[in-house]
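All of these numbers come straight from a predicted model, not from anything done at the bench.
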Amino acid sequence: MLNLREDAKNVFIYAYPLITTEAIHLGADDRHFEHCREFPTSEYRRIVKLNMDTLYSYAWTQLKNSPYLIHIPKITERYFLFPVMDAYTNVIYSIGTRTPQMSAGDYIFLYREEPVPKEYKNYRVLRSEDSLNSILLRIETRGKEDYKLVNRLQDQFRIEPLYPERIEPVPPAHGVIPAEYPGTLSSEEYFTRFSELSADNPIKDPEILQAFERLGYQSAAAVFDYSKVSSEQKAALEQGMKDGMDLLRQPGRFSRQVVRSNGWLTILGDAGTYGTNYLQRASTARTGWGANIPQDSLYSIATEDRNGSRFYSDKKYILHIEADGYPRASIFWSITLYGEKSKYPVKNKINRYSVNTYNIRQNKVEVNADGSLDLYIAREEPEDEHKRKNWLPAPIDDEHFSLTIRNYWPDEISLAGRWEPPQVKESLY
């Protein structure tokens, strides 16, 4: 029984990103890009922890039904990133400004070993083992004033199925909140749905496949008939799912390559390309679905101050960056505040969710005389004019909050873990 329970926990963790991906996919149109023409607000509830630095465009594939044609224009005005994720959230291609050898041009995206149609022999070839893949195009956006320019750039990117008549309609979302969706399913629903999705998005780890087979999965037909599994298997599925969910809810990260400093956790590896670290992959799908590889954007995350005390929304904090201590980004950086447990931007009267490089350059926040920067984090707007200009609002609805630093195209010092994130201190101002 204990072995079956462990099997069920491992299968649950392995499947978690796929189940989450499907929930995010609901309601999509798999024939073209869906462009977000403005930054997300606190009302957006489909994907957790979206950035406030780029405009997004989303696309999905049904490669089992049709190859996809992709056009990436030559972009010189802005940094852009065109990552392709498989159904389990692994970044299988990272295309963009950082990779000029694989950037502008025409591509054909194929399922597994499907041959290239002769009329597209000159196209660059992309392939995936999964039918369901997602593309999260991001284009650098220097504030709301930049929308018109970036919107024009978004329209130059294209993705379309070669055979649009073969594309199946995607079921509507009907109010599903993807971050919460896996936890709303019974063990029967969860594992049955995983088996259905695995037919086109295969289980690639032989040990996970064998574990699922011991629980009643028929791998040859990709079928899991819950009505035919034993009472012992059913009990293991239920307990293993609970064990897996409890593990994901534990505080902390599961990356094998992290640096901890000043209360921050910087993820140097196991983001975007997870290998066999399925726990980290599931944790990222739950708290930051769509993560890039560190070479594109390096993430530092804090949920507590340097003394190990959680950030409380009803307290006041100062985040201080020394003049020589800013994130070492080749393009730009940002600091974004999210509510906890919600993991969404927090509602506030000035609609400020983050501070980034361009806020400083455009004098929207004010640096100190020595070049350092102080951000004031609290629910209530500060009375002092300077502090008010540098106010980063804490949540009203969430008891706690977290901070995320995004370092776009980090340098080698950052990737080696030798950059120290700024201190966050509790303060009375």
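- Between Tyr226 and Phe191, the distance from one ring center to the other does not fall under 6.0 angstrom.
- Tyr107 has its ring centre no less than 6.0 Å from the ring centre of Phe82.
- With sequence neighbours left out, Lys347 forms a side-chain hydrogen bond (donor to acceptor under 3.5 Å, both in side chains) with no residue at all.
- Among pairs with a residue in residues 285-298, those fulfilling salt bridge (charged side-chain N to carboxylate O under 4.0 Å, His left out) read Arg98-Asp296, at least two apart in sequence or across chains.
- For residues 15-30, the salt bridge (charged side-chain N to carboxylate O under 4.0 Å, His left out) pairs, not counting sequence neighbours, are Glu22-Arg193, Asp29-Arg31.
- For Glu207, the CD atom sits in a loose shell: 12 or fewer heavy atoms of surrounding residues, nucleotides or ligands are nearer than 6.0 Å.
- Thr99 places a side-chain N or O within donor-acceptor distance of the main-chain N or O of Gly96, the cut-off being under 3.5 Å.
- For the residue pair Asp305/Tyr317, the side-chain donor-acceptor check at 3.5 Å is not satisfied.
- Ring-centre distance between Tyr88 and Tyr274: not below the 6.0 Å cut-off.
- Classified by interplanar angle (parallel below 30°, tilted 30° to 60°, perpendicular above 60°), the ring pair Phe194/Phe212 is parallel.
- Proximity of the aromatic rings of Phe157 and Phe80 is defined here by a centroid distance below 6.0 angstrom, and this criterion is met.
- With sequence neighbours excluded, no residue forms a side-chain hydrogen bond (donor to acceptor under 3.5 Å, both in side chains) with Glu180.
- Contact check on Arg37 versus Asp155 returns a salt bridge, with a Lys/Arg side-chain nitrogen under 4.0 Å from an Asp/Glu carboxylate oxygen.
- Contact detail for Tyr44 and Tyr58: the closest heavy-atom pair is OH-OH, 3.8 Å.
- Aromatic ring centres of Tyr190 and Phe12: separated by under 6.0 Å.
- Salt bridge Asp130/Lys204: present, at least one basic N to carboxylate O contact under 4.0 Å.
- Electrostatic pairing of Glu140 and Arg142 counts as a salt bridge here, judged by a charged N lying under 4.0 Å from a carboxylate O.
- Partners of Thr141 by side-chain hydrogen bond (donor to acceptor under 3.5 Å, both in side chains), not counting sequence neighbours: none found.
- By the side-chain hydrogen bond (donor to acceptor under 3.5 Å, both in side chains) test, Asn201 is found to be paired with no residue, residues two or more places apart in sequence or in another chain being considered.
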